[in-house]
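Naming: A, B, ... by sequence-line order, numbering from 1 per chain. Below, each value reflects all heavy atoms present in this structure, side chains not excepted, and no hydrogens, waters or symmetry copies.
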There are 2 protein chains.
Amino acid sequence: MAKRVRLIDIAERLNLTKVSVSKALRDHPDISKETRELVKKTAAEMGYTPNLLARSLSSRRSNTLGLVVPKIAHTFFSTVIDAVQEEATKAGYGIVLAVSSERAELERQHIERLLAMRVDGLLVSVSKEQPDRAIYEHVRQMNVPLVFFDRRIEDMGFSSVTVADRDGARLAVDYLIEQGYRRIAHIAGSSEVEIGRERRAGYEEALRRHGLPVPAHWVIEGGFDEQHGYDAFRRILQTGDLPEAVFAATFPIGLGVYRAICEHSVALCRSIQIVTFGEGGLNEFYTYPHLCVRQPTREMGRRAVEVLLAEIEALDAGREAEAPRHVVLETELVLPPDYPLAPLDGTPAHTPAG
Amino acid sequence: MAKRVRLIDIAERLNLTKVSVSKALRDHPDISKETRELVKKTAAEMGYTPNLLARSLSSRRSNTLGLVVPKIAHTFFSTVIDAVQEEATKAGYGIVLAVSSERAELERQHIERLLAMRVDGLLVSVSKEQPDRAIYEHVRQMNVPLVFFDRRIEDMGFSSVTVADRDGARLAVDYLIEQGYRRIAHIAGSSEVEIGRERRAGYEEALRRHGLPVPAHWVIEGGFDEQHGYDAFRRILQTGDLPEAVFAATFPIGLGVYRAICEHSVALCRSIQIVTFGEGGLNEFYTYPHLCVRQPTREMGRRAVEVLLAEIEALDAGREAEAPRHVVLETELVLPPDYPLAPLDGTPAHTPAG
DNA sequence: CGTCGTAGCTTAACCGATAAAGTAAACTCC
DNA sequence: GGAGTTTACTTTATCGGTTAAGCTACGACG
């Protein structure tokens, strides 16, 4: 069993002190050029790997960011994670990932652990459950920068990067109405979370603007996943009173709705128009062309890291906590041009270019 | 700015030493029941969070596992990650995630960093590029347990958890042949990686067993992603000589093939049967019913953690490195019962239950 | 020529915990 | 009632680094 090489091992070999070796490796001007190079060469030869634990402990910087997401097997989040990783790596930071599985308690535990690991900053997208505010107070008290992305807690004074949820939702539903749809259902997310409330608000706004009533029996709240979409639409199917279009608060919800419809009747799944907030990355393969509100996913990850790093820098430059920044990204309504929307007379209209 | 609470702060408040406090918090029998409780209460009141860096440094255990995957926005990996997280959390370990983006150099850097962080063990699925063996030698030399999952390097003496790739591939292709298909293409993965070679070998075995020739022009190697599937099948389309079925080495490859076919002709995409190794989690929504080889994804994650933890335990129980374990999981051929396969006469056969 | 600055190291202290060894008082036990 | 155990702490050393403050020899400068 090979012992791990430490600074002191290199130092002894070269008749130097560990401090000199440490400095040499970090290109400290105290050390002469020749010594520096000799040290580096020797370190490489001996297979030295610095102990980041020790380094972080004494330097008080871990060069690590904590990333907490509610879910991972969801294109939106895995894309954000990817972007965050990329951006963090560029800046010399590693990331520690934690998945809360949409549960507030797990979210709490994970943040606790990340704090204990002394991450330099946190990127968080909250779970769908009522959050445990105490843990965020704790973050604040420990003076660790935190940036929410996508799903935030609005009133805790942390920075955030989000999309214009209400606008995006409103524009999508506006579009449906302009195309002649009148009977529009909304499978909403959780009202515990801002994005759930905002997307719903956008939906209602659009309806009201056009003088349409909000059909309470067609607005169903719940989670953000496929299961919720499926269950919710099954409830609608059971009433027998069907909408012409469905605005789904997330892509997975849309999938669930679609599945529920198809199971019920294949013809139907071509005549009820689905619009999802967010996309799945598989739109081309998705049987029926659906509209979607595109979010700048990778940019969200990048911007979140950017804001967080700025706060970290501000912090160790000694500047006291500045006002939180709130970055709001625009969305874009995507309509596959080759495909007609679902017709209003209930007949299939799917005639992709072939 | 709140100072962070340390053991010594609690100790001073209670007129104890930090060692006693440390022991009290860890329920060491040295400390009386009353003191223990007093300490815990005080610690909670003061908002104490242990510094895991310091703890890990002195105890030589970080209680952290490093997880390296080639890709994250892919159902297979995000599912494994999820399972790993769950299992690791249960056992009191955190995970540090790193994504190599299918590049050997990034993989190297990430592993280097994880070693430097002194993770207690590593879980790795290698990138599609020729791996840098030196880094794995380094892992070995540092005596850090490592378990490969899904994609491994066969001859480096590390444990692994994989699926029976060759068998799964062979059974799938066998099935196609039994159904009467004869002209079967294979869009293979990278031959740098064992799973790429094995799946291809299974495909060829099945053909040979049935006395069919291996159609070299229909076997195209490359990456594991959608792009490769798309590009590869476009090449086949250009030749004008089309197969009756395609065996795709991964689900994303299958999607790419499907896209290429649909773009070319919608009718065609219902008459060329696609079989994928692995699934996307969206099979129900996938336009044409395709066969797939189901991998026990979550189980792979669980088993990998299990094997790794066993090695970690063995290590700090002082037992010397035992022989590596190789867990091979069985796959299952999934054929959606409601849906007929693509007909051999080239006419659409898609008539899902409605 | 004495003083100051500086290049190039070294020494000492510390980061925040754990591990191992030491100690004083109380408690057993024949 | 004195030796041996326990009980409940304390003291000292260590983990592998970093930071801050010495120290020394050499060259420049007024």
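Side-chain N/O atoms of A/Tyr48 include one lying less than 4.0 angstrom from OP1 or OP2 on D/dG17. Distances shorter than 4.0 Å separate some side-chain N or O of A/Arg55 from OP1 or OP2 on D/dT18. OP1 and OP2 of D/dT19 both lie 4.0 Å or more from every side-chain N or O belonging to A/Arg61. The side chain of A/Arg26 places an N or O atom within less than 4.0 Å of a non-bridging phosphate oxygen (OP1 or OP2) of D/dT19. Note on A/Ser59: every side-chain N or O is 4.0 Å or more away from OP1 and OP2 of C/dC15. Of the side-chain N and O atoms in A/Ser58, none sit less than 4.0 angstrom from OP1 or OP2 of C/dC14.
When the nucleotides D/dG16, C/dT18, C/dA17 are ranked by their closest atom to the side chain of B/Arg60, D/dG16 comes out on top. Closest approach to the B/Arg6 side chain among C/dA17, C/dC9, D/dT19 is made by C/dA17 (side chain taken as heavy atoms from C-beta onward). Side-chain proximity of A/Asn51 to the nucleotides D/dC9, C/dC9, D/dG17 is greatest for D/dG17. Out of D/dT19, C/dA21, D/dG17, the shortest distance to the side chain of B/Lys23 is found at C/dA21.
By the 6.0 Å and 45° rule, A/Arg140 stacks over the aromatic ring of A/Phe158. Judged by the 6.0 Å and 45° rule, A/Arg151 forms a cation-pi pair with A/Phe224.
Taking atom CD of residue A/Glu12 and atom C1' of nucleotide C/dC9, one finds them 17 Å apart after rounding to whole Å. For the pair B/Leu7 CG and D/dC15 C1', the computed distance is 15 Å after rounding to whole Å. When rounded to the nearest whole Å, the span between CG of A/Asp27 and C1' of D/dT18 equals 16 Å. One can place CG of B/Leu25 at 14 Å from P of D/dC9, the figure rounded to the nearest angstrom. The distance from atom NZ of A/Lys18 to atom P of C/dT10 is 13 Å, rounded to the nearest whole Å. Nucleotide D/dC15 holds its C1' atom 9 Å from the CG atom of A/Leu57, rounded to whole Å. Protein atom NE2 of B/His28 is 13 Å distant from nucleotide atom P of C/dA21, rounded to whole Å. Atom-to-atom, CE of B/Met117 to C1' of D/dG17 comes out at 16 Å; the value is rounded to the nearest Å.
In summary, B/Asp155 and B/Arg133 engage in a salt bridge, as defined by a charged side-chain N under 4.0 Å from a carboxylate O. A salt bridge links A/Asp27 with A/Lys40: at least one charged nitrogen is closer than 4.0 Å to a carboxylate oxygen.
Residue B/Ser56 is classed as having no contact, given no heavy-atom separation below 4.0 Å to the nucleic acid. Note on B/Thr17: a base of the nucleic acid sits closer than 4.0 angstrom, heavy atoms only. Here B/Pro50 lies in heavy-atom contact (under 4.0 Å) with sugar-phosphate atoms only. Counting non-hydrogen atoms under 4.0 angstrom, B/Ser32 reaches the backbone sugars and phosphates but no base. Contact annotation for A/Ile31: backbone-only contact, meaning every heavy-atom pair under 4.0 Å involves sugar-phosphate atoms and none involves a base. Within the 4.0 angstrom heavy-atom criterion, base atoms lie near B/Asp30.
In this pair, A/Phe77 and A/Phe149 present their aromatic rings perpendicular. The plane angle is above 60°, beyond the 30 to 60° band.
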Practice prompt. Start with the C-alpha distance between B/His326 and B/Arg152, add both sets of side-chain angles, then the distance that settles side chain to side chain donor-acceptor pair (under 3.5 Å), and finish with yes or no.
Written response: CA-CA 11 Å; B/His326 297 290; B/Arg152 60 176 182 165; 3.3 Å; yes
